[in-house]
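Reminder, nothing fancy here: chain letters follow the sequence lines and each chain counts from 1.
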There are 2 protein chains.
Amino acid sequence: MATPIYRKIKEMILQEIEDKPANSPIDSEREMAVRFDASRMTVRNAINELVEEGFLYRDKNKGTFVADRKFVKKTPVSALLQEDISEFNVLYFNVKKADEAGPEIAERLEISPDEMTLIVLRLNTLNTKPISVEEIFFIRSSISESELNNLRQLLDLNAYLKDGRIIQRFIPMLVPVQFANLLKIKMNTPIIRVETVITSKSGKPLVYIKAYNNPFEKIIEITE
Amino acid sequence: MATPIYRKIKEMILQEIEDKPANSPIDSEREMAVRFDASRMTVRNAINELVEEGFLYRDKNKGTFVADRKFVKKTPVSALLQEDISEFNVLYFNVKKADEAGPEIAERLEISPDEMTLIVLRLNTLNTKPISVEEIFFIRSSISESELNNLRQLLDLNAYLKDGRIIQRFIPMLVPVQFANLLKIKMNTPIIRVETVITSKSGKPLVYIKAYNNPFEKIIEITE
DNA sequence: TAGTGGTCTAGACCACGCC
DNA sequence: GCGTGGTCTAGACCACTAG
């Protein structure tokens, strides 16, 4: 089974609804089962995922419909990582003991305060506008030498999400003085710091991120 | 079909994992199919929902395992509406034209600025501690006379979520002076205002909520 | 090799909405 | 009465892991 049938059907449905207006009906599950020469349960599996992801919605006894684009699932993480960053610059990186990196780091990564961490500070921009500054904390021992030499790849945080889980906290504060200039905003501007822990499926922390977001360039928005 | 078999199985699995530690394996799908006298697909349906909700996770070719409690899905809405509010007091309510209620109200509710809206201001508390102040905007014409006389029921926003969709925006700001006292926090405290639009499945706005959250009593946290 | 989750089939009955 | 999504069955093969 190279790519499962239901994935192919999912892609085909996605193409078909691409140009359709919101709330227009799609073919019934039985029709598609015939059309795609698959069983109804297979078609259903494809539709289930599209509903889950916010592309379609069902109305019992009526049919399945194209959802409004604005409801395609969006979380701060995905928004932060995927869409609106066109570029980033690493401003600083270093290896330090967890307790020297910050008071809460060891706790968040569930390691001893003596354990070494890799700290990266990066500035994310979109069309030269500063979107956010991120402090990213890795556990040194879980990073190979080759990964260390390929920061670019290491910082592709999307990779961690595939088989991971996430907890995010939203902290209101005034922009820290050292970041005001970087974000090109005035001192004492209220901002939101998003603190993210990404873990493996079993709950072991992999990365901890503190993101300081420029409220004038990036509105944090979630859809579910 | 009173309550579907897979729902019952779901409940039984939930009970069984209640006392199990995180990452301990549950019975295989085939075992449960025999034990619950159902087909494997029915058991799978039950497990699918529990995985989706964050109670279990799967490892291909290995089995299905109990997830860490901290990963049970949590969104600001659900946190706001369900868990941590023990009580609320309606401080004010009135019926006004949308444009008199606020400059962005008509836009968010997708109505004409002349249309009448019901505005409710409420203070949410937990153990007498102020958690948040909410400004809630309804469309007057979509509320019946009897609903108007039962504010308590109208304000059970959870009811809207069952068949609805949500968009939330997070706005950093200093606490508005008129709310500082209510929230028992100092003036000029940075807070997060969560702006929520709840719509029907088709995308028609039903309610618009502006929540001013006390950062000392309520940390906004999401898990997915 | 035995067991797991992932995928798939070809049927079936139900409750409900709409005409 | 017809069509819809929701539920359910009793099988099947696959790729992969672990002993």
Side-chain angles (χ1 to χ4, degrees), chain A residues 1-14 16-17 20 22-67 162-165 200-202, chain B residues 1-14 16-17 20 23-67 162-165 200-202 204:
Chain A
M1 242 168 255
T3 68
I5 298 173
Y6 83 93
R7 292 258 173 207
K8 291 179 192 168
I9 293 178
K10 195 176 156 186
E11 286 309 311
M12 288 190 279
I13 296 176
L14 265 181
E16 290 182 7
I17 66 173
K20 285 196 180 180
N23 302 314
S24 55
I26 67 171
D27 290 349
S28 79
E29 298 174 354
R30 288 167 180 84
E31 276 176 317
M32 285 200 272
V34 172
R35 187 150 63 84
F36 295 135
D37 190 28
S39 83
R40 188 180 152 211
M41 288 306 278
T42 300
V43 170
R44 210 175 148 72
N45 198 354
I47 295 179
N48 276 344
E49 292 202 357
L50 291 171
V51 169
E52 187 55 43
E53 291 161 15
F55 291 99
L56 298 174
Y57 68 89
R58 295 190 217 261
D59 248 12
K60 218 183 10 182
N61 310 320
K62 291 190 186 172
T64 305
F65 303 85
V66 177
K162 283 188 187 135
D163 286 296
R165 291 153 167 277
S200 69
K201 278 197 236 176
S202 66
Chain B
M1 241 168 253
T3 68
I5 298 173
Y6 83 94
R7 293 261 174 203
K8 291 180 190 165
I9 293 178
K10 195 177 157 186
E11 286 309 311
M12 289 190 276
I13 296 175
L14 264 181
E16 290 182 9
I17 66 174
K20 285 196 180 180
N23 302 314
S24 55
I26 66 170
D27 290 348
S28 77
E29 297 174 355
R30 286 169 181 82
E31 277 176 315
M32 285 200 272
V34 172
R35 187 150 62 83
F36 295 135
D37 190 29
S39 82
R40 188 179 154 215
M41 289 306 276
T42 300
V43 171
R44 210 175 148 73
N45 199 354
I47 295 178
N48 276 343
E49 292 203 357
L50 291 171
V51 168
E52 187 55 41
E53 290 162 15
F55 290 100
L56 299 174
Y57 68 90
R58 295 190 218 258
D59 248 12
K60 225 211 301 214
N61 310 318
K62 291 188 183 171
T64 305
F65 303 85
V66 177
K162 282 185 187 138
D163 287 296
R165 291 156 166 274
S200 68
K201 279 198 234 174
S202 66
K204 178 179 164 21

B:Thr64 side-chain N/O to C:dT4 phosphate OP1/OP2 under 4.0 Å: no
Interatomic distance where CG belongs to B:Asn61 and P belongs to D:dT17 [whole Å]: 6 Å
d(CZ, A:Arg30; P, C:dG11) in whole Å: 13 Å
Euclidean distance, atom OH of residue B:Tyr6 to atom C1' of D:dC8 [Å, nearest integer]: 12 Å
Test item: A:Leu14 and A:Ile17 side chains (from C-beta on) under 4.5 Å apart, heavy atoms: yes
Distance-minimising heavy-atom pair for B:Ser200 and B:Arg165: O-CD, 3.9 Å
A:Lys20 (side chain) donor-acceptor with A:Phe65 (main chain) under 3.5 angstrom: no
Euclidean distance, atom CD1 of residue A:Ile9 to atom P of C:dT7 [Å, nearest integer]: 13 Å
Selected nucleotide, minimal atom distance to B:Glu29 side chain, candidates C:dG3, D:dT4, C:dG6: C:dG6
Any-strand Watson-Crick or G-U partner of C:dC14, both distances under 3.5 Å: D:dG5
Main-chain N/O of B:Arg58 paired with A:Lys201 side-chain donor or acceptor, under 3.5 Å: yes
Distance in angstrom units between A:Phe65 CZ and D:dG5 C1', rounded: 10 Å
Expected output: side-chain B:Asp27 to main-chain B:Met32 donor-acceptor under 3.5 Å: no
Atom of B:Ala46, atom of B:Tyr6 and distance for their closest heavy-atom approach: CB-O, 3.3 Å
Stretch residues 36-60 of chain B: residues that reach within less than 4.0 Å of DNA chain D through a heavy atom: B:Ala38, B:Ser39, B:Arg40, B:Met41, B:Thr42
Under 4.0 angstrom between A:Lys62 side-chain N/O and C:dC18 OP1 or OP2: yes
Atom-to-atom span, CD1 of B:Ile5 to P of C:dC13 - whole angstrom: 15 Å
